[in-house]
There are 2 protein chains.
Amino acid sequence: MKLPGKTVERLSEYRRTLMGCLGEKKNFIFSHDLAARLHITAVQVRRDLMLIGYSSVQRKGYDVKELIEKIGTVIDSDDSMNVAIIGIGNLGRAVAGYFKGKRSKLNLVASFDTDPQKINKVISGVKCYPHNDMEKIMKDLNIRIAIITVPPDYAKDIAEEAVRFGVKGILNFTTIPLNVPSWVFLEEYDMITSIEKVAFFVKENMI
Amino acid sequence: MKLPGKTVERLSEYRRTLMGCLGEKKNFIFSHDLAARLHITAVQVRRDLMLIGYSSVQRKGYDVKELIEKIGTVIDSDDSMNVAIIGIGNLGRAVAGYFKGKRSKLNLVASFDTDPQKINKVISGVKCYPHNDMEKIMKDLNIRIAIITVPPDYAKDIAEEAVRFGVKGILNFTTIPLNVPSWVFLEEYDMITSIEKVAFFVKENMI
DNA sequence: GTGGTATTGTTAATTAATTAACATTGGTGT
DNA sequence: ACACCAATGTTAATTAATTAACAATACCAC
C-alpha cells in the first residue's frame, strides 16, 4: 500500500495513542478526540484513515481495538522483522529501552560495539556482539533494520557494512548524513538541528 | 526574520556541514557540492540562502566562513540562551553529549533528576540538580529551553512545571504528546515512530 | 416515527514545499 | 577583446500536504 511518509508517521502515533485508550478502558474514540490527543485536526485523522481504507461501522466513533488491528495490517510486516542497534552507548541504550515490553513485529535482537567491557554482555535487554562479528551475526539473525548510534567518525563505514551485510533500512542518529543505495530506506534524525530549531523559534517569539 | 521551519532545519545542517568544510581546509563551496553532502538539491540550497538574503560575491562558490557567520546571524540569538535537560537517564546523557565541545549560543547549564544517586553530581559535563529545586534553578539560571527526557508518565507534569518556571521552548523526546501554551514553542520527536516508519518502507520495498 | 444533532467519508480548495526554468553574471580560454 | 562556460538568484510551475466544505447517515429525544 502506497502511503505518504507523513501519514505512516501519524498511523504509528495513532496506534500508540489508541493503545493508551485501551489502558483507560476507552473502547471507542471520535476522530476529534484522537486528533486532540495528538494536536492535529480531526480532518487529518479521517483523511489518514480513509487512505488506509478504514471506516467505522457506527457513529459512535472508531472501535479502538479494531482500528489498532487495522493499522497493524497496514504498517506492520506480516512476519516479524529483526532490528539491531550499532553502538550501544548512551543513545543506543536509550533506544533499546524503547523496545522494552513492546510486543510488536519489530524484534531488537542484537547490538554491536567495539568496547571489550560491553561485548558479550546483555545491555538494556539486548546482547551486545563485537563489531568484528557483525557480518556473521547480521546474516545469521537475518537483521533487516540497523539503528546507528555510533560516534560520528564511524558512521559512514558502519552504514556501508550494514548495507553489505543485508540491512534494508537504516535509522541514523549520527550527525553525519549517510549515503546508501536506493534500495535501502534511510531515515535520519539530527538532535542538534532540533535543538537549534527550538532556539530559533524561541528567539523569534521573544522579539 | 520569518522562515519556514524546514528552512531553519536545513540552515542548521548547512552550518554544521560548512564547519566540517573548514576542518578540511575547504574555504569555498558550490551550492551543488553543499547540496550533495546533505542529499538535497542545489536549488534548495540556493533558495534557502535567498530567503536569508545571502549572496556570494563571486562565482567561485560560497565563502564558507562568511556563510557560517551569516547563518549564525539568522538562526542564533544575539545573546546566549540557556538550556536544561530534564531527566538525565541514558537519553538525557546522550543529548548532553551533543553539547560537548560545541561553542555556540546555546549553553547547557543544568540537568534535573529525582535519583539521589545523580543529584548534585556532574553528569556528562553538566550538573544535575534535584527536581525539587527546579523552580529556583530555572529562574536563577534564566533557562529558556527545556529538553524533556523523563519517563513518559512524568512528561506532562514536567512540561507544565517547565512552562511555569519560565521556559519558552521545549524539545520533547517522550512518547507522550505535550500540551503547552501558544507562546511556548514545542518540538516533539518520537523514536518509535521513526523506527516504525523505517520498518514500513522496508516492508514496502521488499514486496 | 420524525426532526434534530453529531459525526463521518470524501471532494474541492488552499496552503506549503519543492523543483524546474531561465536570465544574469563573473570568470576562462583563445 | 570576445565567446563560452559554470554557477548563481529569482520567478514560475509543479507537487505534496493540509484544511475547508458538505452530503450522507446513524443515533437521540420526544
Side-chain angles (χ1 to χ4, degrees), chain A residues 1-14 17-18 21 26-64 66-67 70-71 74 177 187-188 193 197 200-201 204, chain B residues 1-14 17-18 21 26-64 66-67 70-71 74 177 182 186-188 193 197 200-201 204:
Chain A
M1 180 176 275
K2 219 172 146 299
L3 292 174
K6 292 282 182 78
T7 294
V8 175
E9 289 176 17
R10 283 191 297 261
L11 287 172
S12 162
E13 284 158 9
Y14 295 161
T17 305
L18 292 167
C21 290
K26 189 176 172 65
N27 294 315
F28 288 86
I29 191 168
F30 296 128
S31 60
H32 57 82
D33 188 354
L34 180 53
R37 289 167 187 242
L38 291 161
H39 311 131
I40 59 176
T41 66
V43 191
Q44 190 136 61
V45 171
R46 299 206 300 271
R47 201 160 210 306
D48 286 333
L49 298 189
M50 190 188 84
L51 289 178
I52 65 170
Y54 179 78
S55 15
S56 63
V57 184
Q58 304 190 332
R59 303 302 114 136
K60 276 296 184 184
Y62 301 104
D63 180 318
V64 174
E66 199 177 277
L67 183 47
K70 176 65 181 178
I71 292 176
V74 173
E187 174 83 4
E188 314 208 84
T193 292
K197 183 181 176 189
F200 173 79
F201 285 106
E204 292 299 302
Chain B
M1 179 174 278
K2 218 170 149 295
L3 291 175
K6 291 283 182 77
T7 294
V8 176
E9 289 176 17
R10 282 191 297 262
L11 287 172
S12 161
E13 285 158 8
Y14 295 160
T17 305
L18 292 167
C21 290
K26 190 176 171 66
N27 294 315
F28 289 86
I29 190 169
F30 295 128
S31 59
H32 61 257
D33 188 354
L34 181 52
R37 288 168 187 241
L38 292 161
H39 310 133
I40 59 176
T41 67
V43 191
Q44 191 136 61
V45 171
R46 298 205 301 269
R47 202 163 209 305
D48 286 333
L49 298 189
M50 188 188 87
L51 289 178
I52 65 170
Y54 179 78
S55 11
S56 62
V57 185
Q58 304 193 334
R59 305 300 113 137
K60 277 296 184 184
Y62 302 104
D63 181 318
V64 174
E66 199 178 275
L67 183 46
K70 176 65 181 177
I71 292 175
V74 173
S182 62
L186 173 65
E187 173 84 2
E188 315 208 84
T193 292
K197 183 181 175 190
F200 173 79
F201 284 106
E204 292 299 302

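Letters A, B, ... are given to chains in the order of the sequence lines, protein chains preceding strands, and every chain is numbered from 1.
- Minimum interatomic distance between Leu38(B) and Tyr14(B) (heavy atoms only, all atoms of both residues): CD1-CD2, 3.3 Å.
- Contact detail for Gly61(B) and Phe28(B): the closest heavy-atom pair is O-CD2, 3.9 Å.
- Of the two residues contacting DNA chain D, namely Tyr54(B) and Arg47(A), the nearest-nucleotide position lying further toward the 5' end is that of Tyr54(B).
- Atom CG of Leu49(A) is separated from atom P of dT18(D) by 14 Å (rounded to the nearest Å).
- Across all non-hydrogen atoms, the minimal contact from Leu3(B) to Val8(B) is CB-CG2, 3.9 Å.
- At least one side-chain nitrogen or oxygen of Ser56(B) sits closer than 4.0 Å to the OP1 or OP2 atom of dG9(D).
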For Arg47(A) and Gln44(A), what are the C-alpha separation, side-chain angles and deciding distance, and is it a side-chain contact (heavy atoms from CB on, under 4.5 Å)?
-> CA-CA 5 Å; Arg47(A) 201 160 210 306; Gln44(A) 190 136 61; 5.6 Å; no

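- In this structure, Leu67(A) places its CG atom 17 Å from P of dT7(C), rounding to the nearest Å.
- Checking the phosphate oxygens (OP1, OP2) of dG9(D), a side-chain nitrogen or oxygen of Tyr62(B) falls inside 4.0 Å.
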Verify side-chain contact (heavy atoms from CB on, under 4.5 Å) between Leu49(A) and Tyr62(A), making sure each step is shown before the conclusion.
-> CA-CA 10 Å; Leu49(A) 298 189; Tyr62(A) 301 104; 3.6 Å; yes

Please step through side-chain contact (heavy atoms from CB on, under 4.5 Å) for the pair Phe200(B) and Leu11(A), ending with a clear verdict.
-> CA-CA 11 Å; Phe200(B) 173 79; Leu11(A) 287 172; over 6 Å; no

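- Five base pairs at each end of the helix from dG1(C)-dC30(D) to dT30(C)-dA1(D) define two local axes, and these are offset by 10° (rounded to 10°).
- The distance from atom CZ of Arg46(B) to atom C1' of dG9(D) is 7 Å, rounded to the nearest whole Å.
- Within residues 1-10 of chain B, the residues that have a heavy atom under 4.0 Å from DNA chain C are, in order of number, Pro4(B), Arg10(B).
- A distance of 10.0 Å separates CE in Met50(B) from OG1 in Thr7(B), rounded to the nearest 0.5 Å.
- Protein atom CG of Asp63(A) is 17 Å distant from nucleotide atom P of dT7(C), rounded to whole Å.
- Per the geometry, CG belonging to Leu51(A) stands 12 Å off C1' belonging to dA16(D), to the nearest Å.
- Here the closest heavy-atom approach between residue Tyr54(A) and residue Lys70(A) is recorded as CD1-CG, 3.6 Å.
- The minimum heavy-atom distance linking Val45(A) with Ser31(A) is given by the pair CG2-O, 4.0 Å.
- Between Met50(B) atom CE and dT10(D) atom P there is a gap of 6 Å when expressed in whole angstrom units.
- Taking 4.0 angstrom as the limit, Lys60(A) places none of its side-chain polar atoms (N or O) nearer than this to OP1 or OP2 of dT25(D).
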Could you go step by step and tell me if Ile29(A) and Arg37(A) meet the side-chain contact (heavy atoms from CB on, under 4.5 Å) rule?
-> CA-CA 11 Å; Ile29(A) 191 168; Arg37(A) 289 167 187 242; 4.0 Å; yes

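- Taken residue by residue, residues 28-42 of chain A places heavy atoms nearer than 4.0 Å to DNA chain D at Thr41(A).
- Along DNA chain C, the nucleotide nearest to Gly61(A) and the one nearest to Gln44(B) differ in position, and the one closer to the 5' end is contacted by Gly61(A).
- Closest non-hydrogen pair, Leu51(B) versus Met1(B), comes out as O-SD, 4.0 Å.
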